[in-house]
Peer 1: 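For reference, the structure I am asking about is given below.
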Amino acid sequence: GSSQALPSSDSPALKFKVVAVQGRARSSRMTLPHFTAHTPMFMPVGTQGSVKGLTTLQLEELNCHVVLGNTYHLENRPGSGLVAEMGGLHDFINWPRGMLTDSGGFQMVSLLHLAEITEEGVTFQSPVDGSSMLLTPEQSIAVQNRLGADIIMALDDVVPTTANDPGRFEEATHRTTRWIDRCIAAHSRPLEQNLFGIVQGGLDTGLRELSMQQLVARDLPGYAIGGLAGGESKDDFWRVVSQCTAGLPPGKPRYVMGIGYPLDIVVCSALGADMYDSVYPTRTARFGVALVPEGVLKLKNAANARDFRPLDPSCSCMVCRRYSRAYLHNVVTRGISTAAILVTYHNVAYTQRLTREIRTAIEEQRFPEWVRGYLKTMFPKGD
Ligand code: GUN
Ligand code: ZN
């Protein structure tokens, strides 16, 4: 309730101030070197430095506070050296607000099944010329220091939750801790960039606890919950997020990595998480799927051909104000490049409205009622 003392923290490049708490959910202001973000927030993914289908001007118009880039992709092309020459990622892509870069290992492991993890780092075969490349914690941080994002992520040893190998989870948890110390030692810009640690441990309560204790002892400006959204059951997913949000310091940001389904954003926010990223809203848009309060709207379906309603009558985005489902069905089914742009624009507008409604409901102390309304619209039959 509002009578509690509100948690906060003051790191050299990140001020975090919880402005309202209801149950375990919280709304905060997170001041980064380039922007003060409001949380809970969703961060669209611009893997190669740009969110596919949107200009940075549109991202601003959509009120996005932080966008994500990936170390592995940006280092591959155009390279962090070139980006640094151009004044860093913010200047290079002309994005004045917050940026976060992921460390690279996860992308190498999940996208390139040729990756191999050793104590030294993540080794993989280049998809371009087949040569072998090693990404160490030191190199990942050096690249992220050159890119210059407001938040940089530790290189972690990620094991998919579906792996059936307890010994491997234990090894990965301890290795992630050893790597965080190498990341901290390598980080050359702590006054301008925030290094977040990533809690690992699979679905094992004991390993998650250990990983949290070891990371929290390093007093980092923020913490991520990793190794999820990889095919585990919803019960397991929520149990681990719940354990981690309960165990991480209340005054620091908590980032659940790889989360983008609207329902997951709502549930994780109710459990006290603050930040999310996923390619889901933008990728699904490119397949002609729009996010709407009732779930998803598949624009390819013939039923849309003569539907003159907007995508989502309750959405006030540029696309919903100007175009009909009939028009969008036409451009989507004919593969016109505008289709991806328009649906992406709406889907990002949807995620920004969702997180804004979550924040406002928490601040106005009506979050449980808001969640009930959200669920009733999404699951009208109560399933
Ligand atoms: N993206 C989604 N999950 C993860 C994770 O566990 N680690 C990293 N580095 N990135 C992720
Ligand atoms: Zn819209």
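Remember, it's a predicted structure, so these values are computed and weren't measured experimentally. As the structure lists them, so they are numbered: ligands from 1, and atoms in each ligand from 1.
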Peer 1: May I ask you to check whether Tyr72 and Phe124 place their ring centers less than 6.0 Å from one another?
Peer 2: yes
Peer 1: Using a heavy-atom cut-off of under 4.0 Å, does the side chain or the backbone of Ala224 touch ligand 1, or both, or neither?
Peer 2: neither
Peer 1: Could you tell me which atoms of ligand 1, counted from 1 in the order shown, lie closer than 4.0 angstrom to a heavy atom of Ser103?
Peer 2: 9 (N)
Peer 1: Quick check on salt bridge (Lys or Arg N to Asp or Glu O under 4.0 Å): which of Arg182, Arg178, Arg168 does Asp157 satisfy it with?
Peer 2: Arg168
Peer 1: Tell me, which protein residue and heavy-atom name are nearest atom 6 (O) of ligand 1, and how many Å apart are they?
Peer 2: Gly227 N, 2.6 Å
Peer 1: With heavy-atom distances below 4.0 Å as the criterion, list the atoms of ligand 1 near Phe106.
Peer 2: 1 (N), 2 (C), 3 (N), 4 (C), 5 (C), 7 (N), 8 (C), 9 (N), 10 (N), 11 (C)
Peer 1: Quick check for you: to the nearest 0.5 Å, what is the distance between Lys17 atom NZ and Arg26 atom CZ?
Peer 2: 13.5 Å
Peer 1: For atom 10 (N) of ligand 1, what's the nearest protein heavy atom and its distance?
Peer 2: Asp102 OD2, 2.6 Å
Peer 1: Starting from atom 7 (N) of ligand 1, what is the nearest protein heavy atom, named by residue and atom, and what distance separates them?
Peer 2: Asp156 OD2, 2.6 Å
Peer 1: Looking at Asp181 and Arg218, is there a salt bridge between them, counting it only when a charged N and a carboxylate O are closer than 4.0 Å?
Peer 2: yes
Peer 1: Side chain or backbone of Met153 under 4.0 Å from ligand 1, or both, or neither, by non-hydrogen atoms?
Peer 2: neither
Peer 1: Would the Tyr223 and Tyr255 ring centres measure less than 6.0 Å apart?
Peer 2: no
Peer 1: Under a 4.0 angstrom heavy-atom cut-off, which atoms of ligand 1 come close to Val158?
Peer 2: 5 (C), 6 (O), 7 (N)
Peer 1: Measure Ile198 to ligand 1 on non-hydrogen atoms and call it side chain, backbone, both or neither using the 4.0 Å cut-off.
Peer 2: side chain
Peer 1: Work out whether the distance between some heavy atom of Gly105 and some atom of ligand 1 is less than 4.0 Å.
Peer 2: no
Peer 1: Can you find an N or O of Gln200 that's nearer than 3.5 Å to an N or O of ligand 1?
Peer 2: yes
Peer 1: Just to the nearest 10 degrees, tell me the angle at the Zn ion (ligand 2) spanned by Cys315 SG and His346 ND1.
Peer 2: 110°
Peer 1: Considering only NZ, NE, NH1 and NH2 on the basic side and carboxylate oxygens on the acidic side, decide whether Glu357 and Arg366 come within less than 4.0 Å.
Peer 2: no
Peer 1: Any ion pair linking Asp312 and Arg353 (charged N to carboxylate O, less than 4.0 Å)?
Peer 2: yes
Peer 1: Side chains of Val256 and Met275, heavy atoms from C-beta outward: is any pair under 4.5 Å?
Peer 2: no
